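See below for the structure under consideration.
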Amino acid sequence: MTVSNIINNRKRVLESTRAAVMKAIDELGYVPNFAAQALASAASIRVGFLYHNIENAFLSALLVGALSGTTRKGAQLLIRPYETLDLDIIRNELKALIRSGANGILLGAPVCEMLDELGRDAFDVPLMAMAPGAEVVGVPSVMIDNVAAAREMTDHLLAMGHRRIAFIRASPEHLVRASRYEGYSDALAAAGIVIDPTLVVDGTMTFESGLAAAAILLNRTDRPSAIFASTDDMAAAVVSVAHRMGFRVPEDLSVVGFDDSPIAIKIWPTLTTVRQSGSAIAERATIELIERLRAPSIRSLDPIYLPHQLVHRGSVAAPSAARSRRIAPVR
């Protein structure tokens, strides 16, 4: 115990005792086993993580960040999946995490945005929201400013000369549906452009929904010169449809996305997008949650905003003066 106290700078120890222990450590070449220390201390802190669709790149980044955070703070990470967005299923899985010993729970979107429907009072452990689309009332969160990010991306398209800018919204159950659309709308309004509601199409944040949305927008006789999709998966789908229809990206159509997920650099041309680091968000959220568990006096519910970045790649150019001919419409 004395050696442990000296190595970890705990308690007051006589200087003569400290000197003798440090001399012995030096002579023996002893190196503390920090992994064992983490395991030993983890018994008091267990962080729960509820997840869905492990194949989603952003979720994978969140898991990596949560694992990094628990490792750094000497805690355990307990993970549990849910199959669908059914409230009863999610509620039961959250309670199962608590029964398995979770002292606090990390929640990604959209679950962290559904707490009123879930009945947050039923969960008697601290919660932390990761990357919600907007501030979650009553729950601390780590996130980016989605409104500002979408506004900046739309401003970029406007600066390139685009005026007919279409927008593909996110799923209704996600707060980013409203926040990213708000940023798009604000930028157009500031530029004196009246939004054409027919240029706003709904998606479900999947590649398949992006295919359907792109077909609607690109089969118009007055098609947009640029399309801003709320996720990279949907933006990649727009690029795919544009190629099939014979439109050149970015010469005939500029396309931008959001998240900077791996697909952004796997398509051609590579995608201009908004980068938010899922791993950085989750690591910060995990550390914040653990610190609150160890110091319950920390009660601030103010969201923590991490920086975002516009990543400029090859999918944006000034609008072409002459429209390319339309090839066969996509069915």
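Computed from heavy atoms alone, side chains included, the values below leave out hydrogens, waters and symmetry copies. Model, not experiment: these values are computed from the prediction. The first residue in the sequence is number 1, and the count goes up from there.
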Main-chain N/O of [Y] paired to [X] side chain as donor or acceptor, under 3.5 Å:
X: Thr286; Y: Ala282; result: yes
X: Ser179; Y: Gly133; result: yes
X: Ser171; Y: Glu173; result: no
X: His162; Y: Ala317; result: yes
X: Arg80; Y: Leu97; result: no
X: Arg284; Y: Leu306; result: no
X: Arg292; Y: Pro140; result: no
X: Ser141; Y: Ala129; result: no
X: Ser315; Y: Val255; result: yes
X: Arg91; Y: Leu118; result: yes

Notebook entry, point to check: Can you list every side-chain hydrogen bond (donor to acceptor under 3.5 Å, both in side chains) pair that touches residues 106-119, not counting sequence neighbours?
Noted result: Asp116-Arg120
Checklist line | More than 12 heavy atoms from other groups under 6.0 Å of CZ on Arg163 | finding: yes
Next item on the list: Tell me, yes or no, whether the heavy-atom count around Ile265 atom CD1, taken from other residues, nucleotides or ligands under 6.0 Å, exceeds 12.
Entry: no
Do [X] and [Y] come within less than 4.5 Å of each other through their side chains, counting heavy atoms only?
X: Met153; Y: Arg180; answer: no
X: Arg244; Y: Leu211; answer: yes
X: Asp252; Y: Val249; answer: no
X: His156; Y: Glu152; answer: no
X: Glu182; Y: Asp186; answer: yes
X: Ile105; Y: Phe123; answer: no
X: Glu135; Y: Leu301; answer: no
X: Val125; Y: Asn103; answer: no

Search all heavy atoms of [X] against all heavy atoms of [Y] and return the closest pair with its distance.
X: Ala213; Y: Ile168; answer: CB-CD1, 3.7 Å
X: Leu218; Y: Val238; answer: CD1-O, 4.5 Å
X: Thr204; Y: Met234; answer: N-SD, 4.0 Å
X: Ile263; Y: Ala236; answer: CD1-CB, 3.6 Å
X: Phe247; Y: Arg223; answer: CE2-NE, 3.4 Å
X: Leu310; Y: Ala149; answer: CD1-O, 4.3 Å

Value rounded to 0.5 Å, distance of [atom1] in [X] from [atom2] in [Y]:
X: Asp259; Y: Met205; atom1: CG; atom2: CE; value: 6.5 Å
X: Leu87; Y: Thr84; atom1: CG; atom2: OG1; value: 9.0 Å
X: Leu188; Y: Leu158; atom1: CG; atom2: CG; value: 6.0 Å
X: Cys112; Y: Leu106; atom1: SG; atom2: CG; value: 10.5 Å
X: Gln76; Y: Thr71; atom1: CD; atom2: OG1; value: 11.0 Å
X: Leu293; Y: Ile45; atom1: CG; atom2: CD1; value: 4.5 Å

Next item on the list: In sequence, state the C-alpha distance, the side-chain angles, and the governing distance for Arg248 and Ser320, and then conclude on side chain to side chain donor-acceptor pair (under 3.5 Å).
Entry: CA-CA 10 Å; Arg248 298 169 301 166; Ser320 174; 5.0 Å; no
Checklist line | Audit row: Val176, Ser230, side chain to side chain contact (heavy atoms under 4.5 Å, CB included) steps and yes/no | finding: CA-CA 8 Å; Val176 293; Ser230 292; 5.9 Å; no
Could I get the full list of ring-ring contact (aromatic ring centres under 6.0 Å, His included) partners for [X], not counting sequence neighbours?
X: Phe49; answer: none
X: His308; answer: none
X: Phe258; answer: none
X: His243; answer: none

Do [X] and [Y] share a hydrophobic cluster (ILVMFWY, side-chain heavy atoms under 4.5 Å, transitive)?
X: Leu127; Y: Leu78; result: yes
X: Leu289; Y: Leu67; result: yes
X: Met128; Y: Ile298; result: no
X: Val142; Y: Ile290; result: yes
X: Met143; Y: Leu59; result: no

Check: What's the verdict on side chain to side chain contact (heavy atoms under 4.5 Å, CB included) for Lys73 and Val47, showing C-alpha distance, side-chain angles and the deciding distance?
Finding: CA-CA 11 Å; Lys73 303 299 287 186; Val47 175; over 6 Å; no
Check: Considering residues at least two apart in sequence or located in another chain, which fulfil the side chain to side chain donor-acceptor pair (under 3.5 Å) criterion with Asp202?
Finding: Arg169, Arg177
Item checked: SB check Arg313 Asp260 (cutoff 4.0 Å) -> yes
Margin query: Under the criterion side chain to side chain contact (heavy atoms under 4.5 Å, CB included), I'd like the reasoning laid out for Thr198 against Arg220: C-alpha separation, chi angles, the key distance, then a yes or no.
Written below: CA-CA 10 Å; Thr198 66; Arg220 300 170 57 114; 2.9 Å; yes
Check: Under 30°, 30 to 60°, or over 60°: which ring-plane class applies to Tyr184 and Phe228, parallel, tilted or perpendicular?
Finding: perpendicular
Note to self: Could you walk me through whether Glu83 and Glu93 satisfy the side chain to side chain contact (heavy atoms under 4.5 Å, CB included) test, starting with their C-alpha distance in whole Å, then the side-chain angles of each, then the deciding distance to 0.1 Å, before giving a yes or no?
What the structure shows: CA-CA 10 Å; Glu83 298 300 324; Glu93 295 300 337; over 6 Å; no
